[in-house]
Amino acid sequence: MKEESFTCRTSSGEETINLGLRLGSLLNEGDIVALAGDLGSGKTWFTKGVALGLEISSDTVITSPSFSLMNEYQGRCALFHIDVYRLKNVSDFLDAGLDEYLYGNGVTVMEWADRWPEVLPEGSIKVQFVILDERSREITLSGCHPKVLGMLKQIREEAE
Amino acid sequence: MILGIDTSCDDTSAAVVVDGKSVLSNVVHSQVEIHHAYGGVVPELASREHIKNIMVVVEESFLRAGIGMNDLDGIAVTVGPGLVGALLVGLYYVKGLAYVCDIPVAAVNHLEGHILSIFLEERTPPFPFVALTVSGGHTSIYHVEDYGRYTLMGQTLDDAAGEAFDKVAKISGLGYPGGIAIEKMALDGKNDKIKFPRAYLTKESLDFSFSGLKTAVALYMKKWHDGQAKEGEITLADIAASFQESVVDVLVHKVMIARRKMGVKAVVMAGGVACNKRLRERLSEVAGGEGVEVYYPRPEYCTDNGAMIAAAGYHCLLRGETADMSLDVRSKFPIQELWIDD
């Protein structure tokens with residue numbers, strides 16, 4: 001299957017949240033969103049948007065899971081927000097039991113997911129963040145699974 | 001005499017505490033030295049590590065306290081919030097031990113443990129007070145009316161303060177643990193050299209946001225390395241000191257707003273970042289000016305530890321809150337859910 005992608009620029013945290021919301025509203029149980037990008041590039045902000053798309057109450061604060069490794073939230077389905085920033089290798093990831101969330105009953109958003117692409121199931125949606133300047137980010141969504149291609153098509157159409 | 005056990009995050013810890021305040025032993029299987037050996041922010045913090053550590057850590061806590069398991073009156077264990085796999089190791093160990101010894105178990109909220117850690121000290125605050133818990137995973141302000149009565153007043157909307165320290169240390173190549181590395185480096189710097197942003201949010205807000213500051217430092221470091229930021233005039237120590245000052249300013253400002261709002265005369269600061277000397281200095285200075293007393297636990301009670309869990313568990317057991325064998329862990333566990341009515 002050929003990989004397809006959709007790239008857009010956001011010029012504020014709010015716009016990054018909005019893009020996350022658009023993706024989040026298309027997600028269902030079992031979907032995996034794999035985030036990659038430097039510190040401060042907007043991964044946690046994007047996840048705040050995904051949470052809104054999953055109808056998690058806007059009163060719920062989505063915070064960085066860098067220390068806790070995983071934060072769980074409940075909306076129209078569960079959101080498992082994982083961050084592997086502090087982990088050393090794949091065996092740490094597996095030992096902490098984090099792989100179980102990838103096959104759990106919810107949507108998984110994983111930060112620094114490019115470190116071990118081998119743990120990601122085939123249908124994952126990849127999101128790459130690039131810092132352009134203080135406020136602007138270039139965000140690319142990509143994947144090759146038919147389900148992901150369908151989502152990309154919808155997001156692209158909404159954007160046009 | 002209570003055994004307190006915490007396995008909610010990286011550390012496996014166990015402590016023996018009498019009457020919720022006299023610590024006979026407090027053992028933490030800290031992995032900081034392992035992190036250091038790898039030169040990064042990369043712990044081996046798997047649940048498997050807790051399994052390996054827990055028996056050794058508990059036995060050491062008995063040994064140092066000079067007691068045996070038959071001397072225990074109860075066991076306190078963290079049931080959340082935290083990683084399910086890690087929490088389960090502590091809980092199942094405790095269930096087994098409690099069954100064998102035929103003693104009650106108290107299910108403890110990790111955040112309550114941090115708030116009550118101050119009662120392990122000689123000098124304790126009068127209720128009600130305002131508490132700031134500030135660590136790698138948390139930055140929250142609570143109004144504390146009594147044991148078991150906590151109201152969350154504000155919290156971080158993105159990164160915790162300790163996380164900002166660690167990530168900035170990594171960006172700056174200062175090593176791990178980031179809090180200590182930055183504090184040390186900052187001693188040689190000027191804290192007003194660079195004006196990093198202070199995220200006060202709205203004027204009366206008690207919430208925090210440190211992710212913008214982290215990004216600002218990352219962008220500044222990039223310019224600094226490229227030689228665009230008056231290199232030669234600005235040192236890495238200046239950057240560390242200026243960053244630290246920005247975090248300290250916001251923490252002190254907000255906890256004092258909370259204090260004024262509730263009209264209390266005591267402020268407690270706990271959690272790993274509460275060890276930061278500059279933060280202690282500034283908070284004492286500002287609080288002193290308002291006639292407010294500040295209380296900090298010693299560093300070993302600030303970081304995750306079993307003694308604070310034993311202290312919190314002691315009060316649960318006093319109230320007759322004992323858990324049965326169906327007790328489970330809770331990855332999410334808002335502290336408000338503990339609320340004890342009159």
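Remember, predicted model here, so these are calculated numbers, not experimental data.
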Donor-acceptor contacts under 3.5 Å from residues 96-108 of chain A side chains, at least two apart:
{"unit_1": "A:Thr108", "atom_1": "OG1", "unit_2": "A:Tyr101", "atom_2": "O", "d": "3.0"}

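Cation-pi geometry between B:Lys214 and B:Phe165 is not met: the NZ or CZ atom fails to fall both under 6.0 Å from the ring centre and inside 45° of the normal. With A:Phe46 as the aromatic partner, A:Lys43 does not meet the cation-pi criteria of under 6.0 angstrom to the ring centre and within 45 degrees of the ring axis. B:Arg198 forms no cation-pi arrangement with B:Tyr200, by the criterion of a distance under 6.0 Å to the ring centre and an angle within 45° of the ring axis.
Only the side chain of B:Ser331 comes within contact range of chain A, with at least one heavy atom under 4.5 Å from a heavy atom of that chain. Only the side chain of A:Ile131 comes within less than 4.5 Å of a heavy atom in chain B; its backbone stays farther off. With a 4.5 angstrom heavy-atom cutoff, B:Leu157 touches chain A via backbone and side-chain atoms both. Residue contact with chain A, scored on non-hydrogen atoms closer than 4.5 Å, involves the side chain of B:Lys332 exclusively.
Taking chain A as the reference chain and counting heavy-atom pairs below 4.5 Å, the highest number among B:His138, B:Lys167, B:Gln155 is found for B:Lys167. Note: A:Thr63 leads A:Thr44, A:Thr63, A:Asp38, A:Asn89 in heavy-atom pairs under 4.5 Å with chain B.
Paired with A:Trp112 under the rule ring pair (Phe, Tyr, Trp, His ring centres under 6.0 Å), one option of A:Tyr85, A:Phe129, A:Phe93 passes, and it is A:Tyr85.
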